[in-house]
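Step one of this worksheet: look at the structure below.
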Amino acid sequence: MNHYKWILFVVALSTYELSAQSLQLSGGFDTRYRKTNGEPNTFELHGAFLNMRKVFSDELGDRLILVTQYDFEDNFQESHFYYTYAQLKGPLGKINLRIGRYVLPFGLLKYYDTERLLLQTMEKQTIDIKTDVGAQVFGYLDDLDYAFSVTNGVGLYWKDVDENKLIIARIGLNFDDNRFGLSYLNGRIFAPATSEFPVEEYSYKRLIAFDLQQYVDLFTIRGELTYGRVDAENTGGGFAGIDYALLPNLDANFKYALWNTGRNEHFIGAGLSYNILTGAYFRFADTFQIKNNKVINNEIQLQIYIEFLNQL
Amino acid sequence: MKYNFRYTLNFSTSFRIIISFILFFSFTGKLFADVCVWRNPERTMVLIFPQARDYKTLDRKISNEREAEIEKLLGKPLDPGERESWSHYEIVGSNGKALGYIIADAEKGEYGVIEVVMGITPDGKVKQVYIQREREREKEFKSKEFLNQFVGKTKDDPIQIGKDIKAGHSLPAEQVALAVKKMLIMFYELH
């Protein structure tokens with residue numbers, strides 16, 4: 001229960017008299033029906049989260065940002081901090097220091113986290129983990145952004161259980177309708193067992209990735225190419241995702257991903273996303289995982305996703 | 001060596017958490033609120049205020065009375081997510097004084113959300129309007145000729161297509177004009 005103390009700590013800070021801004025509270029529910037090969041159909045509250053954000057300012061600007069998000073998974077059977085960090089903000093965001101658990105700035109993940117979407121990007125294949133505990137320096141200089149992160153490389157654990165660090169560096173360019181990034185990752189990663197991936201494993205990774213996001217009329221295009229070594233093996237892959245606006249409230253979503261660790265593994269998915277009301281979505285997706293020319297997994301998912309926002 | 005990093009909750013705990021979530025958000029009336037993410041705020045701020053040295057977040061809560069007053073001035077109801085609180089940003093110059101303010105708003109176009117970012121001078125006039133993100137087929141509303149017409153406007157101006165703003169009566173153009181009017185009214189009422 002020690003982690004709940006962090007929530008209490010942030011709430012307590014929110015009542016501190018010198019705090020300039022209100023506590024922003026957001027949350028969401030992710031309800032899913034899933035039909036997967038060889039498994040019973042499930043209908044569950046796949047996830048729920050509560051996010052708190054607090055900004056402290058001085059005379060000249062925002063200086064300290066505290067953020068925490070607590071996630072509940074699988075009908076509240078499991079729960080963990082998705083991220084919890086303190087961020088010291090420099091003038092105009094040119095330099096920031098973030099300490100705690102945060103989303104890793106590698107590839108598309110820097111700006112696009114698919115945790116609550118049905119069509120996922122490639123992090124489970126490329127870096128195994130999405131969030132980690134450590135320190136990150138990042139910032140923005142005109143159209144350029146940069147990030148340098150040193151973390152424990154142990155995912156959802158808090159302690160550095162393998163005493164190895166994970167280093168990530170990313171540099172990116174941002175324009176009105178497109179964004180590019182080049183990332184480098186080096187370190188030993190411990191991927192803990194989860195309900196989806198029941199085997200925990202260590203691996204030493206050195207990866208480089210190029211990512212892009214492009215808006216073209218009714219299309220949003222995202223891509224990532226990754227190449228490097230996992231332990232002693234060369235590996236690589238790519239991800240392409242396209243969202244297309246069919247109607248004001250209806251998007252068609254497509255993805256294709258390839259990951260090569262000796263043999264090619266393909267991930268293909270298509271779906272629809274309907275914006276029912278502000279902050280409420282109905283989504284459908286059918287995804288295929290193909291290995292050795294065989295479909296090893298086919299999953300159909302229906303999702304109702306609701307977001308909340310409040311200020312205390 | 002097995003490490004435990006997740007908690008397993010029993011049914012009654014889970015039930016209490018679910019009920020707490022629902023009650024909290026229901027009683028505070030914030031269901032289906034819009035969680036809008038402003039991408040690259042620093043980049044947009046420098047585009048509109050090149051002399052910016054830093055920025056300060058300013059949050060305001062909206063009372064029921066103030067909400068009614070804003071809706072009266074605007075001539076239409078606020079969207080869900082706009083009724084309870086409002087955030088804007090003070091842009092600070094090198095001498096520590098406010099250069100102006102930045103506000104972001106999202107309105108529905110024909111093919112999704114149109115995200116509008118606007119700079120306001122300290123005396124409450126539009127400095128610049130910037131379309132951050134849109135997916136519309138018709139692009140006239142993104143032209144400099146169209147957007148420059150908003151510069152210098154205040155909340156007392158009509159800000160209507162066909163009156164003081166020249167453009168075809170397309171939904172995106174109407175929605176950008178609405179966003180500008182709404183942000184000016186919110187600024188005057190809540191800043």
Side-chain angles (χ1 to χ4, degrees), chain A residues 1 3 20-22 24-29 45 48 50 55 57-62 72-73 75-80 90-94 111 139-140 142-143 145 155-159 161 174 176 192 215 217-220 245 247-249 251 275 277-280 306-311, chain B residues 1-3 5-9 11 13-15 17-18 21 24-25 28-36 39-43 45-46 52-61 79-81 84-87 89-92 96 108-113 130-137 139:
Chain A
M1 288 291 170
H3 292 173
Q21 305 311 319
S22 54
Q24 183 175 298
L25 195 66
S26 59
F29 290 106
L45 186 64
L50 192 60
V55 178
S57 310
D58 64 16
E59 292 276 311
L60 295 176
D62 296 348
F72 301 90
E73 309 280 354
N75 282 332
F76 288 97
Q77 289 180 53
E78 293 178 343
S79 62
H80 57 266
L92 213 57
K94 287 177 182 170
Y111 290 108
Y140 309 89
D142 297 327
D143 293 335
D145 71 73
L156 289 172
Y157 293 105
W158 285 88
K159 290 181 181 172
V161 294
N174 300 280
D176 282 357
Y215 299 116
D217 290 332
L218 306 183
F219 291 93
T220 303
L247 295 168
N249 291 343
D251 275 13
N275 186 190
L277 293 165
T278 307
I306 298 169
E307 287 178 335
F308 314 97
L309 177 66
N310 199 355
Q311 283 191 354
Chain B
M1 195 171 188
K2 188 79 178 169
Y3 296 93
F5 65 100
R6 289 180 167 191
Y7 300 115
T8 299
L9 304 176
F11 176 78
T13 308
S14 305
F15 184 74
I17 292 169
I18 293 170
F21 260 85
F24 176 80
F25 286 107
T28 52
K30 310 299 188 294
L31 278 167
F32 307 122
D34 189 12
V35 182
C36 180
R39 287 178 282 272
N40 296 343
E42 288 88 355
R43 181 173 176 270
M45 287 168 181
V46 175
R53 182 186 176 275
D54 209 346
Y55 66 91
K56 197 188 318 186
T57 308
L58 303 172
D59 294 328
R60 300 286 183 268
K61 288 177 189 172
D79 293 330
E84 293 82 23
S85 61
W86 179 71
S87 294
Y89 303 88
E90 181 180 292
I91 306 299
V92 181
K108 274 192 179 174
E110 284 185 67
Y111 292 92
V113 167
Y130 172 76
I131 307 297
Q132 178 184 253
R133 173 83 183 98
E134 52 79 28
R135 304 192 300 187
E136 303 302 303
R137 286 179 191 269
K139 300 288 184 189

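Every chain is numbered from 1 and lettered A, B, ... according to where its sequence line falls, protein lines coming before strand lines. If you're wondering where the values come from, they're calculated on a predicted model, not measured in any experiment.
Neither the backbone nor the side chain of B:I131 comes within contact range of chain A; no heavy atom of the residue lies under 4.5 Å from a heavy atom of that chain.
The CD atom of B:E42 lies 10.5 Å from the NZ atom of A:K94; values are rounded to the nearest 0.5 Å. Rounded to the nearest 0.5 Å, atoms CD (B:E110) and CG (A:L247) are 11.0 Å apart. Atoms CG and CG, on A:D62 and B:L58 in that order, are 8.5 Å from each other to the nearest 0.5 Å. The CG atom of B:D54 lies 7.0 Å from the CG atom of A:L60; values are rounded to the nearest 0.5 Å.
Closest approach of A:P248 to B:G109, counting heavy atoms only: CB-O, 4.1 Å. Looking at every heavy atom in both residues, B:R53 comes nearest to A:P91 through O-CB, 3.6 Å. Closest approach of B:K56 and A:E59 over heavy atoms only: NZ-O, 3.2 Å.
Counting non-hydrogen atoms of other residues, nucleotides and ligands closer than 6.0 Å to CG of A:D58 gives a total above 12.
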Dump the intermediate steps for side-chain contact (heavy atoms from CB on, under 4.5 Å) on A:D251 and B:R135, then the final yes or no.
CA-CA 11 Å; A:D251 275 13; B:R135 304 192 300 187; 3.0 Å; yes
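Looking only at side-chain heavy atoms (C-beta outward), A:N249 and B:K108 come within less than 4.5 Å of each other.
Between B:K139 and A:D217, at least one side-chain N (NZ, or NE/NH1/NH2) sits under 4.0 Å from a carboxylate O, which counts as a salt bridge. A salt bridge links A:D143 with B:R43; the closest basic N to acidic carboxylate O contact falls under 4.0 Å.
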